[in-house]
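Notes for the one structure printed next.
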Amino acid sequence: ACNPEPRDSDTNEKRGTYPSRRAAFALDNCHDIQLYDLTIATDSYGQAEGLLLNGERIACYGIRVIGSGDARQANGTIYMENCEVEGDGDTILGRGSIFAYRSTFKNHGGPLSWVRNFKPDHGDVFLECHFEGMKDNPADFGRVNINHGQSYPDAEFVLLNCTTRHIIPQGWSSIAHQTCTMLEYNTKDADTGMPVDYSQRHEYSRVLDAEKDSVTIANYSNPAYVLN
C-alpha cells in the first residue's frame, strides 16, 4: 500500500492519532466538507479502504464506495444519505460517529462493521438503511473485539427501520462487553417485508419497543443527537 501507517501505530481510535493511508480517497483532519455524487473504488484486497474520513462535520450524499476490508473508515462526525458501501470484512470501521440515512451496505461475508467509539461520542446509527450479505456467505452487523489489548466497552451500533438480506440470525458475530449499545428497531426482511426473527440475536444486543423505548428511538433518529 502507498504511504501506509507507521509501524509503531497499531490503532487509531483517538483523535489526533495517525490514520491508515491505504485509501483510494481520503480526507484527513478536515472539517465542514460535503461530498456529492462520487464513485470511489480500490482494487486492492485485504485492509483496503475505498474512502477514509478523518474529521468533523463531513457529509456524503449519493456516494458509492467499493473497497475490501475497512472499505469505509470513518473517524470524526460523518453524515451519509443515499450512499452505498460495498466491501469485505469490517466494511465500516472507525472510532467516529456515523449517522446514515437511506443508505445501503453490502458485504461479501463476515462482519459489516467494527465500531470503536468511546464515550461521550456516539457510534454508528442507521435509519431506513439496508444491510446485505451473500446467500452462500451471510454477513453480520459487526463485531466488537479486543484489538491489541484495547477494548471497546462503549461501542454503539443502532439500526432503526432497516431492511436486511442474508444476515446471520444472531445479528452480531461478537459483542465483547455487555455495556456496548447494540440496538435495533423494526428490522424487516428485504424480500418478504416481514419483521425479522429476533429469537437468536446476540445476548448483549437489544430490540427496542415502540412504546417503552420511544424516547430512545426518537433520539437516535435525530442526526444532531448522534453527531453531537
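Computed from a predicted structure; not experimentally measured.
- The heavy-atom pair separating R201 from G171 by the smallest distance is NH1-N, 3.7 Å.
- S97 places a side-chain N or O within 3.5 Å of a backbone atom of H122 that can act as its donor or acceptor partner.
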Practice problem: Report the C-alpha separation of L53 and C60 in whole Å, then their side-chain angles, then the decisive distance to 0.1 Å, and conclude whether the side chain to side chain contact (heavy atoms under 4.5 Å, CB included) test is met. | Solution: CA-CA 10 Å; L53 301 175; C60 300; 4.0 Å; yes
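- Rounding to the nearest 0.5 Å gives a distance of 7.5 Å between CG of D140 and OG of S174.
- Within the 4.5 Å cutoff, the side chain of W114 has heavy atoms near those of the N145 side chain.
- A heavy-atom distance below 4.5 Å is found between the side chains of N228 and D121.
- Here the side chain of T77 pairs a donor or acceptor atom with the backbone of R57 at under 3.5 angstrom.
- Closest approach of V144 and M182 over heavy atoms only: CG2-CE, 3.4 Å.
- In the hydrophobic cluster analysis, where Ile, Leu, Val, Met, Phe, Trp and Tyr join through side-chain heavy atoms closer than 4.5 angstrom, I168 is grouped apart from L159.
- Heavy-atom minimum distance, F126 versus C162: O-SG, 3.5 Å.
- By the 4.5 Å heavy-atom criterion applied to side chains, N29 and N54 are counted as neighbours.
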Quiz item: Could you walk me through whether Y79 and Y101 pass the ring pair (Phe, Tyr, Trp, His ring centres under 6.0 Å) check?
Solution: CA-CA 8 Å; Y79 178 82; Y101 177 58; 7.4 Å; no
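- Annotation: the span from H166 atom NE2 to D189 atom CG amounts to 9.0 Å, rounded to 0.5 Å.
- Ring planes of Y225 and Y220: perpendicular class, angle over 60° (limits at 30 and 60°).
- Once rounded to the nearest 0.5 Å, the distance linking OH of Y185 with CZ of R206 reads 13.0 Å.
- Taking hydrophobic clusters as Ile, Leu, Val, Met, Phe, Trp and Tyr residues chained together by side-chain heavy-atom distances below 4.5 Å, Y204 shares a cluster with L112.
- Note on L35: it clusters hydrophobically with M80, by side-chain heavy-atom contacts below 4.5 Å among ILVMFWY residues.
- In the hydrophobic clustering of ILVMFWY residues, with side-chain heavy atoms under 4.5 Å counting as a link, L127 and V207 come out apart.
- Between the CZ atom of R116 and the OG atom of S151 there is a distance of 12.0 Å, given to the nearest 0.5 Å.
- Between I63 and D37, the shortest heavy-atom distance links the atoms CD1-N, 3.7 Å.
- Across all their heavy atoms, A190 and H130 have their closest contact at CB-CE1, 3.6 Å.
- Between F141 and F131, the ring-plane angle classifies as perpendicular under the 30° and 60° cut-offs.
- Formation of a donor-acceptor pair under 3.5 Å by the D209 side chain with backbone atoms of K212 is found in this model.
- Open room surrounds NE2 on H31; 12 or fewer heavy atoms of other groups in view lie less than 6.0 Å from it.
- Between atom CD1 of residue I175 and atom CD of residue Q170 there is a gap of 11.0 Å, rounded to the nearest 0.5 Å.
- Side-chain atoms of N107 and T91 include a donor-acceptor pair closer than 3.5 Å.
- Taking hydrophobic clusters as Ile, Leu, Val, Met, Phe, Trp and Tyr residues chained together by side-chain heavy-atom distances below 4.5 Å, I217 does not share a cluster with V196.
- Within the 3.5 Å criterion, the main-chain N or O of E156 finds no donor-acceptor partner in the side chain of T181.
- Nearest heavy-atom pair, R165 versus E132, reported as atom, atom and distance to 0.1 Å: NH1-OE1, 2.8 Å.
- Side-chain contact between N186 and L160: absent, with no pair of heavy atoms (C-beta onward) separated by less than 4.5 Å.
- Y198 places a side-chain N or O within donor-acceptor distance of the main-chain N or O of T187, the cut-off being under 3.5 Å.
- Atom-to-atom distance recorded for R64:CZ and L51:CG is 14.0 Å, nearest 0.5 angstrom.
- The pair K106-E86 does not count as a salt bridge, with every side-chain nitrogen at least 4.0 angstrom from each carboxylate oxygen.
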